[in-house]
Amino acid sequence: MMFRFSGFVAAGAIVAAATPALAQTEVKIGYALAPDSHYGVAAKAFEEAVTEQTGDAFTFQHFPSSGLGGEREVIEGLQLGTVEATIVSSGTLANFVPDTGVFDIPFLFRDLEHARAVLDGEIGEEILAKFADVGLHGLAWGEQGFRHITNNRNAIETPADVEGLKIRTMENPVHQAAFNAMGAAPTPMAWPEVISSLQQGVIDGQENPLSVIVSVKLDEVQEYLTLSGHVYSPAMLLVSKPFWDGLSDEQKEAFETAADEAVVAMRGFVDEVETTGVETLKERGMTVNELSAEQKAQFQNEISSAYEGYYETYGKDLVDSIVNFE
Ligand code: PAF
């Protein structure tokens, strides 16, 4: 935990007693996207809610746009106690708590409502609690929306269209297995390298939700957008365990309430961009197509081989209980 002391340290016991030192705890919060993204909006709501409840006990310093490095590095910073808070995708979370990967299984969730209900329910809570074992404290599940494919090679309608496509995936084995099963050439890569790799043609495409595609202006480096909705993209609001352990019970309660407010802001942003994002990207010149239910079924069929591995890793019962969650 880092402390910033303000005010003067005055000489003499009488003056010191009359003017107690004002200690503010600094909260460095890092995230991969800009202040006007769903992450930025959530981080701001988080800060405001903490401040409203705790006065000036905490001072927030924001590091948007991967200002503290890739998501894996930031999470490692939390474990070391050099960074206090972050909002991250599930990209690398499974490398810290393997069970998290179950939510990354393609075609697992029907819609946002289904995903939110599972994450906010018992299954989501149980996985969140596991972060305490690895030097982290999971405050709440947020989200980015459903992921879609963008690329510069061709429009995608059938699995044959992704054959050999050099597509950047997150450093996430669940996603990599799915794109391998589709016949693509998945290239796991940390987010800060993605835009330059697209510009240089090192990769043909990438996949991310509309929230990211719009806010990062991926239309400037990508021609085709296929609304594949192949996988839901959860996010998480995490704090460092050393930081968390140093908070009083009242402060912990304030951070928990604030995390809930941050999630409301994040989901509200995602709802908005899910409604307006496609039009925005068409206006900016992207060629957009949406997979029909039949076309989606072809992709689902193509990755059925990966499902065997998912059942082995996470248990068929758990996967089925998520799929059938009402
Ligand atoms: O694709 C990713 O790595 C993530 O979705 C991103 C853009 C870093 C947001 O968390």
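Just so it is clear, the model here is predicted, and its values are computed rather than measured. Hydrogens, waters and symmetry mates are skipped; everything else that's a heavy atom, side chains included, is used. Whatever order the structure lists ligands and atoms in, that order sets their numbers, starting from 1.
Between Ser233 and ligand 1, not a single N/O pair is under 3.5 Å apart. Considering backbone and side-chain N/O of Trp191, none are found under 3.5 Å from N/O of ligand 1.
Of the candidates Phe109, Tyr232, Phe107, Tyr232 is the only one forming a ring pair (Phe, Tyr, Trp, His ring centres under 6.0 Å) with Phe146. Here the options are Val162, Leu227, Leu225, Thr150, the test is side chain to side chain contact (heavy atoms under 4.5 Å, CB included), and the partner is Ile156; only Val162 passes.
In this structure, Gln206 falls outside the shell of residues with a heavy atom less than 4.0 angstrom from ligand 1. Close to ligand 1: Tyr39, with a non-hydrogen atom less than 4.0 angstrom away.
With ligand atoms numbered from 1 in the order given, ligand 1 contributes 8 (C) to contacts under 4.0 Å with heavy atoms of Ala32. Atoms of ligand 1 found under 4.0 Å from any heavy atom of Met170, numbered from 1 in the order shown, are 1 (O), 2 (C), 3 (O), 4 (C), 5 (O).
By the 30° and 60° cut-offs, the orientation of the rings of Phe103 relative to Trp141 is perpendicular.
Note on Arg267 versus Asp271: no salt bridge recorded, every NZ/NE/NH1/NH2 to OD/OE distance being 4.0 Å or above.
Regarding atom 5 (O) of ligand 1, its nearest protein heavy-atom neighbour is Asn208 OD1, 2.7 Å.
Considering only heavy atoms from C-beta on, Ile87 stays 4.5 Å or farther from Leu33 through its side chain.
Atom 3 (O) of ligand 1 has its nearest heavy-atom neighbour, among Gln144, Arg168, His38, in Arg168.
In this structure, Asp161 contributes its side chain and Thr158 its backbone to a donor-acceptor pair below 3.5 Å. With hydrogens and angles ignored, the 3.5 Å screen pairs no side-chain donor or acceptor of Glu126 with any backbone N or O of Ile123.
At a heavy-atom distance under 4.0 Å, only side-chain atoms of Arg147, from C-beta outward, approach ligand 1.
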